[in-house]
K.L.:
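Starting off with a structure, shown below.
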Amino acid sequence: MMREMEISRAIIEAYTAELLESLSLDVAIVGAGPSGMVAGYYLAKGGAKVAIFEKKLSIGGGIWGGAMGFNRIVVQEEAREILDEFGITYRPFRNGLYVADAIETATTIASKAVKAGVRFFNMIEVEDLVLKENRVAGIVINWTPVLMTGLHVDPLTVGAKFVIDSTGHGAQISQHLVKRGLLKVPGEGPMWAERGEELTVKHTGEIFPGLYVTGMAANAIAGAPRMGPIFGGMFLSGRKAALEILEKLG
Ligand code: 48H
Ligand code: FE2
């Protein structure tokens, strides 16, 4: 066989095998930001079959840019153990705040998640939910460029026992239930760092049978204030959702 065809076959076979293997999941996570990737890591570590679907080419969501492009993030004392779990380097600042490199944070969480067994599918956008007998039962997926260009191409479907909306600001996946009148999402409030962090974690959970929210999506569901470039709440939220789901999966 021509070398070029061998290369093509290697890619197509490897990718489609993984996609076929992911058609029926324990957990489908939508969005590869901090909360989604941390959730994926703990779920995979706990033995769940989990994949993350990310509409962009790059994973990492809002981590890369730190704040205003200053690529550092702040993490508070309560979430320091998660930095330790991943082996991310940090420096103490003061008043229980720590500073980590955004690039190291994004790459390390992604790498640990992959090695724990999370499958990442990038450039795939979740455009709807599967809803059966009043329970979310999967996600409806399409190529991001198809949706960007507005081509009329129907999607495919992935089944999941649980779906996590980790899409950040706006809670994109929960919005599919809002537009059908099944859910209300008040949206996030103006900045108040401590309160935003607290409420994000508090409101992380199952908001509709089969559908969990984490991170800024949980914040939007709760109508809680935004918190700016402090990421401990995102990590703690991802871990909380993962541990709750692992318990339900038994
Ligand atoms: C597939 C999708 C879809 C879709 C979106 O925004 P994120 O980083 O999300 P979180 O909640 O884990 O982290 C939030 C944090 O980054 C942040 O913005 C903070 C702390 N802000 C505070 C403030 O005051 O501003 O990541 C979400 C990911 C992104 O990569 C999107 O591309 C992806 O989800 N995504 N993927 N299908 N329909 N919608
Ligand atoms: Fe943000």
Side-chain angles (χ1 to χ4, degrees), residues 28-42 51-69 71-76 79 82 100 102 105-106 109-110 113 120-129 138-148 155-156 158 160 163-179 185 187-201 203-204 211-222 224-242:
I29 299 175
V30 190
S35 71
M37 290 200 297
V38 167
Y41 167 81
Y42 283 102
I52 303 184
F53 297 82
E54 167 55 53
K55 73 176 179 184
K56 294 192 176 154
L57 263 185
S58 62
I59 50 76
I63 304 174
W64 301 109
M68 225 178 102
N71 61 3
R72 299 291 183 277
I73 60 160
V74 167
V75 172
Q76 63 276 44
I82 296 188
T105 303
I109 294 176
F120 280 81
F121 293 99
N122 59 343
M123 220 182 78
I124 292 183
E125 184 163 343
V126 175
E127 63 161 65
D128 210 343
L129 289 165
I139 53 172
V140 180
I141 59 171
N142 214 330
W143 300 117
T144 302
V146 164
L147 295 169
M148 282 172 76
L156 288 172
V158 168
V163 172
I164 308 183
D165 181 351
S166 301
T167 58
H169 296 278
Q172 298 305 322
I173 298 310
S174 307
Q175 296 295 350
H176 295 303
L177 298 181
V178 173
K179 69 183 180 216
V185 177
E188 77 193 24
M191 183 102 64
W192 182 357
E194 313 87 291
R195 189 131 178 82
E197 284 290 87
E198 188 192 313
L199 291 178
T200 294
V201 181
H203 290 276
T204 293
L211 180 66
Y212 271 72
V213 279
T214 65
M216 287 313 288
N219 190 277
I221 297 286
R226 62 188 302 188
M227 71 296 289
I230 179 161
F231 278 72
M234 301 300 117
F235 301 156
L236 292 168
S237 164
R239 185 177 66 179
K240 181 182 175 191

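In each ligand, atom 1 is the first atom listed, and ligand 1 is the first ligand listed. Quick caveat: nothing in here was measured; it's all calculated off a predicted structure.
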K.L.:
Among protein heavy atoms, which sits nearest to atom 22 (C) of ligand 1, and what does the distance come to when rounded to 0.1 Å?
P.N.:
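The answer is Gly228 O, 3.4 Å.
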K.L.:
Check ligand 1 against Gly62 and write out every atom of the ligand that is under 4.0 Å from a heavy-atom position of the residue.
P.N.:
7 (P), 8 (O), 16 (O)
K.L.:
Nearest protein heavy atom to atom 25 (O) of ligand 1, by residue and atom, and its distance?
P.N.:
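For this ligand atom, the closest protein heavy atom is Arg226 NH2, 2.7 Å.
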K.L.:
How far is atom 33 (C) of ligand 1 from its nearest protein heavy atom, and which residue and atom is that?
P.N.:
Glu54 OE1, 3.3 Å
K.L.:
Students should be able to answer this: which protein heavy-atom is nearest to atom 26 (O) of ligand 1, and at what distance?
P.N.:
Gly33 CA, 3.4 Å
K.L.:
Could you identify the single nearest non-hydrogen protein atom to atom 13 (O) of ligand 1 and state the distance to 0.1 Å?
P.N.:
Pro34 CG, 3.3 Å
K.L.:
Which atoms of ligand 1 sit under 4.0 Å from any heavy atom of Gly215?
P.N.:
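Numbered from 1, ligand 1 contributes 11 (O).
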K.L.:
For ligand 1, which atoms, with element, lie under 4.0 Å from some heavy atom of Gln172?
P.N.:
39 (N)
K.L.:
Check whether any heavy atom of Ile124 sits under 4.0 Å from an atom of ligand 1.
P.N.:
yes
K.L.:
Below a 4.0 angstrom heavy-atom separation, can you tell me which part of Ser166, side chain or backbone, both or neither, approaches ligand 1?
P.N.:
backbone
K.L.:
What I want to check is whether the side chains of Ser237 and Thr214 have a donor and an acceptor closer together than 3.5 Å.
P.N.:
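The criterion, which ignores hydrogens and geometry beyond distance, is not satisfied for Thr214 and Ser237.
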K.L.:
Suppose I only count heavy atoms of Val30 and a 4.0 Å limit; which atoms of ligand 1 are within that range?
P.N.:
1 (C), 4 (C), 37 (N)
K.L.:
At less than 4.0 angstrom from any non-hydrogen atom of Lys56, what atoms of ligand 1 do you find?
P.N.:
32 (O)
